[in-house]
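Below: one structure, written as structure tokens.
Worth saying up front: this structure is predicted, and the values here are computed from it rather than measured. Here is the naming used below: chain letters follow the sequence lines, and residue numbers restart at 1 for every chain. Basis for what follows: all heavy atoms, side chains included, without hydrogens, waters or symmetry-related copies.
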Amino acid sequence: MTKYNALRGFQDIFPPEIYLWQRVEKTAKEVFLTYGFQELKPPIIESTEIFIRSIGETSDIVEKEMYTFTDKGGRSVTLRPEGTAPVVRCYVQNRLYNLPSPQKFFYSGPMFRYERPQRGRLRQFYHIGIEALGISDPKIDAEILLMLRTIFDRLNLRGLSYELNSIGCERCRPNYKKALMDFLKDRINGFCSDCKRRYEFNPMRILDCKIKECMKLRVGSPKMTDFLCEGCKVHFDTLLSLLRFAEFPYSINHDMVRGLDYYTRTTFEVRSKQLGAQNAVAAGGRYDRLVEEFGGPPTPAVGFAIGMERVSELLSYSDKIEIPSPEVFIATIGTSAANESLVIASNLRNKGIWTEIGYSKNSLKSQLRKADRLSAHYVLIIGEDELKTGKLKWKRLSDGSQGDVAISKVLEFFERR
RNA sequence: GUGAGUGUAGCUCAAUGGUUAGAGCACUGGACUGUGGCUCCAGGUGUUGGGGGUUCGAGUCCCCUCACUCACCCCA
């Protein structure tokens with residue numbers, strides 16, 4: 001055990017894994033741009049109130065998982081536990097609703113939740129997400145699902161399932177809740193203690209319970225999609241037919257309930273069987289009331305976020321990590337050669353060529369060994385003889401071939417390769 | 001917050017309560033004096049996570065603590 005360690009649930013990310021992360025980020029951003037999403041960087045800390053209002057007072061996130069503290073000015077502030085609320089706050093504060101609709105943004109960065117760490121769950125975790133504000137047309141719901149799939153396809157991820165549901169709106173959801181409670185009323189005693197509690201304050205969560213007995217007892221319970229009001233029903237049906245038209249492989253999960261208060265209508269989750277209990281690699285949905293809640297005009301909106309750790313984990317199963325390697329390694333013998341190498345390396349680097357040099361008084365052998373370890377493509381050898389003649393030796397490590405190149409032609413030599 | 005499992009070298013792992021705790025990989029150097037990979041040789045590999053207890057004697061048994069892992073819980 002070393003003297004200082006990262007905090008529980010916090011993680012260092014470094015090579016080689018960092019290259020998987022970079023691939024995910026690069027791929028996602030490329031796809032986002034083709035759909036017209038622009039980057040937005042909100043701060044990672046906000047007034048606590050923002051998260052309480054959006055996520056909901058009774059959610060576990062707000063009740064016990066937020067990194068909340070009082071700053072030196074006596075304000076209650078919170079490290080963001082999710083990305084949507086800050087984007088919406090930014091949208092309202094900067095009156096972005098006055099710009100043409102939709103406004104489409106992506107963001108990426110760390111989120112924080114004080115939870116017990118387990119596979120796929122850390123206290124600091126990374127999301128890369130998008131929000132599309134100002135459009136209620138289900139076409140945009142379909143678009144972002146297609147966008148998600150494009151990203152995962154480009155990353156060659158297999159075996160993902162896309163699960164959809166609609167949880168209605170503030171008009172139809174109460175009817176459903178009532179029907180569900182009526183259905184459960186007689187049998188609630190057989191449920192686990194958690195579900196009994198849920199029955200009181202959030203009965204829809206009972207649908208999410210993984211305890212076998214509860215799963216059995218809720219068989220045949222009413223489905224939200226049977227209780228949608230006309231508007232929500234049309235929205236959902238249209239989305240589904242659009243997805244079928246685009247040959248998008250979705251499935252409907254009537255039991256998928258969102259934990260956050262702000263969701264309306266469409267909710268979805270992308271899951272992988274290769275992960276553990278935390279198997280969602282992306283999730284999102286529609287939140288048509290949140291902008292208004294934050295003091296903006298009525299503005300429908302929809303978004304999702306991708307879990308970086310989980311996608312990276314999936315990539316690590318399917319992809320061999322490619323570690324970048326230097327183009328040139330300069331091995332030297334003697335002080336004047338070492339001095340010369342500094343200048344040559346600098347010139348090569350100015351041309352954008354990754355160049356490494358040998359250090360200290362290591363033997364040529366050990367320098368070559370090091371070049372090999374780094375998987376350098378070429379080694380340049382500078383010794384007494386080379387300095388005298390002005391011709392350096394080059395060696396290609398892949399096949400061992402070598403030859404001479406004049407010092408004045410070194411840049412040319414490597415630029416052409 | 002609850003439960004279970006695991007902590008030995010940088011990594012993967014051995015060692016019946018009994019001498020000075022080991023192997024492979026990796027790392028550094030040498031054999032090869034200015035030429036990598038292959039082979040061979042040599043060499044750091046360490047408060048056995050930490051603290052306390054039982055014992056003539058603890059890596060091994062007991063207690064506490066910490067960390068990690070997985071699950072519950074929760075969740076974009």
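Atoms CZ (A:F329) and C1' (B:G36) sit 11 Å apart, rounded to a whole Å. We find that CE of A:M111 is positioned 13 Å from C1' of B:C75, with the value rounded to whole Å. In this structure, the CG atom of A:L392 is 18 Å from the P atom of B:G34, given to the nearest Å. As a whole-Å value, the separation of A:Q11 CD from B:U69 C1' is 13 Å. Nucleotide B:C75 holds its C1' atom 13 Å from the CE atom of A:M256, rounded to whole Å. Atom CG in A:N279 sits roughly 13 Å away from atom P in B:A76 (whole-Å rounding). The distance between atom CG of A:L275 and atom C1' of B:U69, rounded to the nearest whole Å, is 16 Å. Atom NZ of A:K370 and atom P of B:G29 are 7 Å apart (whole Å).
A:Q402 comes within 4.0 angstrom of a base, heavy atoms only. As judged by a 4.0 angstrom heavy-atom cut-off over every strand, A:G383 is placed among the base-contacting residues. Note on A:A331: nothing from the nucleic acid sits closer than 4.0 angstrom, heavy atoms only. A:K393 comes within contact range of at least one nucleobase, with a heavy-atom separation under 4.0 Å. A:E131 comes within 4.0 angstrom of nothing in the nucleic acid, heavy atoms only. Residue-level contact check: A:A277 touches the backbone only, with heavy atoms under 4.0 Å from sugar-phosphate atoms and none from bases. A:R80 comes within 4.0 angstrom of no nucleic acid atom, judged by non-hydrogen atoms across all strands. Note on A:G83: nothing from the nucleic acid sits closer than 4.0 angstrom, heavy atoms only.
Regarding contacts with the backbone of B:C70, every side-chain N or O of A:Q118 stays at 4.0 angstrom or more from both OP1 and OP2. Considering only side-chain N and O atoms, A:R116 lies nowhere under 4.0 angstrom from the phosphate OP1 or OP2 of B:C73. Distances shorter than 4.0 Å separate some side-chain N or O of A:S363 from OP1 or OP2 on B:G30.
Below the 3.5 angstrom threshold, one finds a donor paired with an acceptor across the side chain of A:E386 and the base of B:G34. Residue-to-nucleotide contacts include a donor-acceptor pair under 3.5 Å from the side chain of A:R121 to the base of B:C74.
Nearest nucleotide to the side chain of A:I333, out of B:G36, B:A67, B:G34: B:G34. In this structure, the nucleotide among B:A76, B:A71, B:G34 sitting nearest to the side chain of A:R119 is B:A71. Considering only the side chain of A:E384, B:G34 comes nearest among B:G36, B:A76, B:G34. Closest to the side chain of A:Q278, out of B:A76, B:A71, B:C75, is B:C75. Listed candidates were B:G29, B:A76, B:A67. Nearest to the side chain of A:R8 is B:A67. Across B:C72, B:U35, B:C75, the shortest atom-to-atom separation from the side chain of A:R113 is found for B:C75.
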(Q) What verdict does the side-chain contact (heavy atoms from CB on, under 4.5 Å) test give for A:Q103 and A:L40, after you've listed the backbone C-alpha separation in whole Å, the side-chain angles of each residue and the deciding distance to 0.1 Å? (A) CA-CA 11 Å; A:Q103 286 292 305; A:L40 181 155; over 6 Å; no
Q: Determine, stepwise, if the pair A:R89 / A:E46 fulfils salt bridge (Lys or Arg N to Asp or Glu O under 4.0 Å).
A: CA-CA 9 Å; A:R89 193 228 76 229; A:E46 299 271 359; 2.4 Å; yes
Q. Yes or no on side chain to side chain donor-acceptor pair (under 3.5 Å) for A:Y67 and A:E65, after CA distance, side-chain angles and deciding distance?
A. CA-CA 7 Å; A:Y67 275 89; A:E65 294 174 1; over 6 Å; no
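When the P atom is used for both B:U20 and B:C25, the distance is 29 Å, rounded to whole Å. When the P atom is used for both B:U12 and B:U54, the distance is 35 Å, rounded to whole Å. On the C1' atoms, B:U39 is 12 Å away from B:C32, given to the nearest whole Å. Rounded to whole Å, the separation between the P atoms of B:C61 and B:G5 comes to 14 Å. With both ends at atom C1', the span from B:U47 to B:A26 equals 23 Å, rounded to whole Å. Between B:A67 and B:U48, the distance separating the two C1' atoms is 15 Å to the nearest Å. Using C1' as the reference atom, B:A9 and B:A15 are 15 Å apart when rounded to the nearest Å. Annotation: B:A4 and B:C40 have their C1' atoms spaced 48 Å apart (nearest Å).
Under the 4.0 Å criterion applied to side-chain N and carboxylate O atoms, A:R396 and A:D399 are assigned as salt-bridge partners. Here A:E163 pairs with A:R271 in a salt bridge; the nearest charged N to carboxylate O distance falls below 4.0 Å.
Summarising the base pairing, B:A9 is matched to no nucleotide, lacking a Watson-Crick or G-U wobble pair whose two defining distances lie under 3.5 Å. Nucleotide B:G3 forms a Watson-Crick or G-U wobble pair with B:C70, both donor-acceptor distances falling under 3.5 Å. Base pairing analysis places B:G43 opposite B:C27; the two distances defining the Watson-Crick or G-U wobble pair are each below 3.5 Å. Remark: B:G57 base-pairs with no nucleotide; criterion is Watson-Crick or G-U wobble with both hydrogen-bond distances under 3.5 Å.
Each of A:Y114 and A:G285 was assigned the nucleotide of RNA chain B with the nearest heavy atom; the assignment lying further toward the 5' end belongs to A:Y114. Judged by closest nucleotide on RNA chain B, A:K64 is the one of A:M308 and A:K64 placed further toward the 5' end.
The cationic group of A:R187 lies under 6.0 Å from the six-membered ring centre of A:F183 and within 45° of the ring axis, placing it in a cation-pi geometry.
Without hydrogens or angle criteria, A:S346 side chain to A:L342 main chain gives no donor-acceptor distance under 3.5 Å.
Counting only heavy atoms from C-beta outward, the side chains of A:F329 and A:Y378 never approach each other to under 4.5 Å. In this structure, A:K391 and A:E386 have side chains that are not in contact, with every pair of non-hydrogen atoms separated by 4.5 Å or more.
A:E313 pairs by the salt bridge (charged side-chain N to carboxylate O under 4.0 Å, His left out) definition with A:R119, not counting sequence neighbours.
Between A:F236 atom CZ and A:D141 atom CG the span is 10.0 Å, to the nearest 0.5 Å.
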So which protein nitrogen or oxygen atoms get under 3.5 Å of nucleotides 37-40 of chain B's nitrogens or oxygens?
residue : atom : partner : partner atom : Å
B:G37   : O4'  : A:D372  : OD2          : 3.3

